[in-house]
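Let me begin by presenting the structure, written as structure tokens, before commenting on it.
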Amino acid sequence: MLDAVLKSMPHDLNPAQRDAVNTLSGPMLVLAGAGTGKTRVVTYRIAELIKHRAPPERILAVTFTNKAAGEMQERTAELLGKRRNGAQRPEISTFHSLCVRILRRHIVKLGYPAQFAIYDRGDQESVARAALRDIKVPNAVLRPGDLLAIVSRWKTASIRPPEAASLAQSDKEHLAAMAYRRYQKALKSAGAVDFDDLLLCTEELFAKSPDARAAEAARFSHLLVDEYQDTNGAQYRIIKALAEKHRNLCVVGDDDQSIYGWRGAEVTHILRFQHDWPEAKVVRLEENYRSTDAILAMANRLIAYNRHRHDKVLRAIRTGGEPPRILQYSDESSEAKEVVEEINSQIFRRLAEPRDFAILFRTNEQPRAFEQELRRAKLPYTLIGGMSFYDRKEVRDVLAYCRVLTHPRDEVSLMRIINTPARGIGAKAVELLLERAVSQARPLWEVLGEAAEVAGLPAAAIDAVGTFRKLVEGHRRRLEREPPSQVVSDLIHTVRYQDEINRQYKEPADQLARWSSVEEVVNALAGYQQRAKSPTLAGFLDDVALAGRDEQDDKESKLARNAIVLMTLHSAKGLEYSQVYLVGMEEGLLPHSRSVAAEGSAIDEERRLCYVGVTRAKDKLTLTLSLSRNKWGKPRDTTPSRFLFELLGKADNPEALRKKKQRPA
DNA sequence: GCACTGACCGTTTTT
DNA sequence: CGGTCAGTGC
């Protein structure tokens, strides 16, 4: 029966792990250090729950990234074995997709359309720009990006425009509060939410509608939360609302790996767990199976410099190992060159494979030099993050076309494509139409139907607007019967988007690259169509907004791909590599200058970031720094990171390190 | 309506 | 250095 398909629990779990896996009811806090088999424990726990007759579909596991969710899905699927078709699986999703699903069912109660759009970073910037223009704040005083940062900070603390206005202290914050009000109004009238709203609206929904809250909470009997140290206020309250009744809540986290404080995550949540759930069982996982003793000793020395933390010491199961190296170079190009050279020679001598290596850095501008060298050396590599596929202009255009089809109230998307490619609806015409929309407080799309009544609009423009409306409406109707990918592909051809690309870019190589991204979007849509249970264009857009890139299709190629990985320290959390190069170990970079300037505990978070980097390494760790680094085109001298001294236990005596480090690059 | 030019200016991390 | 933006000229 069921038990027969479930893989039995392995015998090599240590007592603490076994304890965490076997405790199936009531609240539990698992304090799991880096490399202590956390994922293993979580997945076996899910399997164990099912073995003890918990209906799989009533188990919910929440993760913070899509990657983590995907991995957990795969591993649990493995444990559950091949189950007959239609067998329910546990629900494993990110916080944000969980909220989307909840909001789909209830958001009308908050005054949004059921078919709301999710605005990503680029869309948010457009709205922010318009809000600032409205209140006549010049770019020099407050840029859209700055506004978004402030607004996001407010939102993650569940502060809404009225509170923000009274909380604002500096001039900048007062302006931001005014812009925030307009920003939020614009989102709502466009029927859209941003990333923070997904959490905030869910929280608000639960507060305003006890029925919705009870219904959502009743869907699950067991709740697991991974990376609990990264929960922000809204997430914390959502979890509480969902688990309060059944109390079968298991959270897993490591306060030493809390690196999202800037996003509203509060370590206090993990430190406070026992207070909120007094009957909670606490399990500590302190045996590290990942790194050699040499690497772990360094990590322990480093993190000990942080004051506020759950006191714990990771014990290495793997003894010995090569001592980590610190290498310094004269500038960032030789840093990149030498690191790549070292990797190359190991691969050439068959001592290692590309997939054994990770190059980790603090900021997204750092990988450039490494990419160059890797290309030159003809080594396969994957760059995680950075400029996303979905940030490309032409991709955004195509997605905007899709959103105009599915979300008639979405103004940002409509504005983006209303004259792209140029179709005779120029800036002046758009301005007049927009004026009418704003003065009548109606969606721009509706106003397009009355173009003839707009004073000052030339006949040619009225015609153009009419043609555009027919075009969109025609394709909207087709969407009811035909597969989305067909409709979208036709729409792109009808508007002659390829001609637009060829006009904009002179180089044939550019033209080809740009057009192939357009094709890739259509392919992604077709792929989604095939795997989704009930595919809709709107569903695809949700996927894109939440997943960033098409993880499903990537899965095979990504896993199969034997490539060196380049990524930020933030993206590296939860992953492990045989050999890690932690590059750019300099003051100003790690710790980042912004954190050095900020008062309070910003440095502690940078230290945790460094700790995360160090503990990614299984066998070999190399820390590098460059004595000079280009900034705005000019080379500038650097200072070795304070963390290097701490790692070596020489924090009080920097001179000693300088002598010791004469080792040549 | 659109392409081109030169001045200006900034540094983080992500769902 | 590289991206953005206002201003200019067709």
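Fair warning: this is a prediction, and the values are worked out from it, not measured in the lab. The chains referred to below are lettered A, B, ... by the order of the sequence lines, with proteins before strands, and numbering in each begins at 1.
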Inspect the contact between [Y] and [X] and indicate whether a charged nitrogen and a carboxylate oxygen are less than 4.0 angstrom apart.
X        : Y        : result
A:Asp256 : A:Arg608 : no
A:Arg368 : A:Glu332 : no
A:Asp120 : A:Arg396 : yes
A:Glu500 : A:Arg503 : yes
A:Glu576 : A:Arg616 : no
A:Arg416 : A:Asp123 : no
A:Asp637 : A:Arg629 : no

message = Given the structure, check if the side chain of A:His96 and the base of B:dT15 hold any donor-acceptor pair shorter than 3.5 Å.
response =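 Yes, the side chain and the base share a sub-3.5 Å donor-acceptor pair.
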Distance below 4.0 Å between [X] side-chain N/O and [N] OP1 or OP2:
X        : N      : answer
A:Thr568 : B:dT12 : no
A:Ser595 : B:dT12 : no
A:Asn364 : B:dT12 : no
A:Asn66  : B:dT14 : no

inquiry  = Which is more 5' along DNA chain B, the nucleotide nearest A:Thr363 or the one nearest A:Gly424? Just name the residue.
reply    = A:Gly424
remark   = Of A:Arg594 and A:Gln124, the one whose nearest nucleotide on DNA chain B sits closer to the 5' end is A:Arg594
Aromatic stack A:Tyr260/B:dT13: centroid gap under 5.5 Å, interplanar angle under 30° = no
task = Pick base, sugar-phosphate or nothing for A:Lys634, based on heavy-atom distances below 4.0 Å to the nucleic acid.
result =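 No contact.
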message = So A:Phe95, base contact, sugar-phosphate only, or nothing? Heavy-atom distance under 4.0 Å.
response = nothing
Contacts under 3.5 Å, N or O only, protein and nucleotides 2-4 of chain B:
| residue | atom | partner | partner atom | Å |
| --- | --- | --- | --- | --- |
| B:dA3 | OP1 | A:Arg503 | NH1 | 2.1 |

A:Phe116 and A:His407 aromatic centres sub-6.0 Å = no
request  = Quick one, give me the B/S/- string for nucleotides 1-10 of chain C, reading 5' to 3', where B means a protein heavy atom under 4.0 Å from the base and S means that only happens at the primed atoms, P, OP1 or OP2.
outcome  = BS--S-----
ask   = Quick one: A:Lys573 NZ to B:dT12 P, roughly how many Å, whole number?
value = 21 Å
task = Would you mind reading off the distance between A:Leu98 atom CG and B:dT15 atom C1', rounded to a whole angstrom?
result =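 Rounded to whole Å, this separation is 13 Å.
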key: Listed nucleotide nearest any side-chain atom of A:Thr94, set B:dT13, B:dT14, B:dT15   =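 Output: B:dT15.
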ask   = Looking at B:dT14, B:dG10, B:dT12, which one has an atom nearest to any side-chain atom of A:Arg143?
value =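 Minimum distance to the A:Arg143 side chain belongs to B:dG10.
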ask   = When you look at A:Ser626 and A:Asp331, which way does the side chain to side chain donor-acceptor pair (under 3.5 Å) test go after all the steps?
value = CA-CA 5 Å; A:Ser626 161; A:Asp331 53 49; 5.7 Å; no
Spacing of the C1' atoms in B:dT13 and C:dT4 (rounded, Å) =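 Each nucleotide's C1' atom is 23 Å from the other's.
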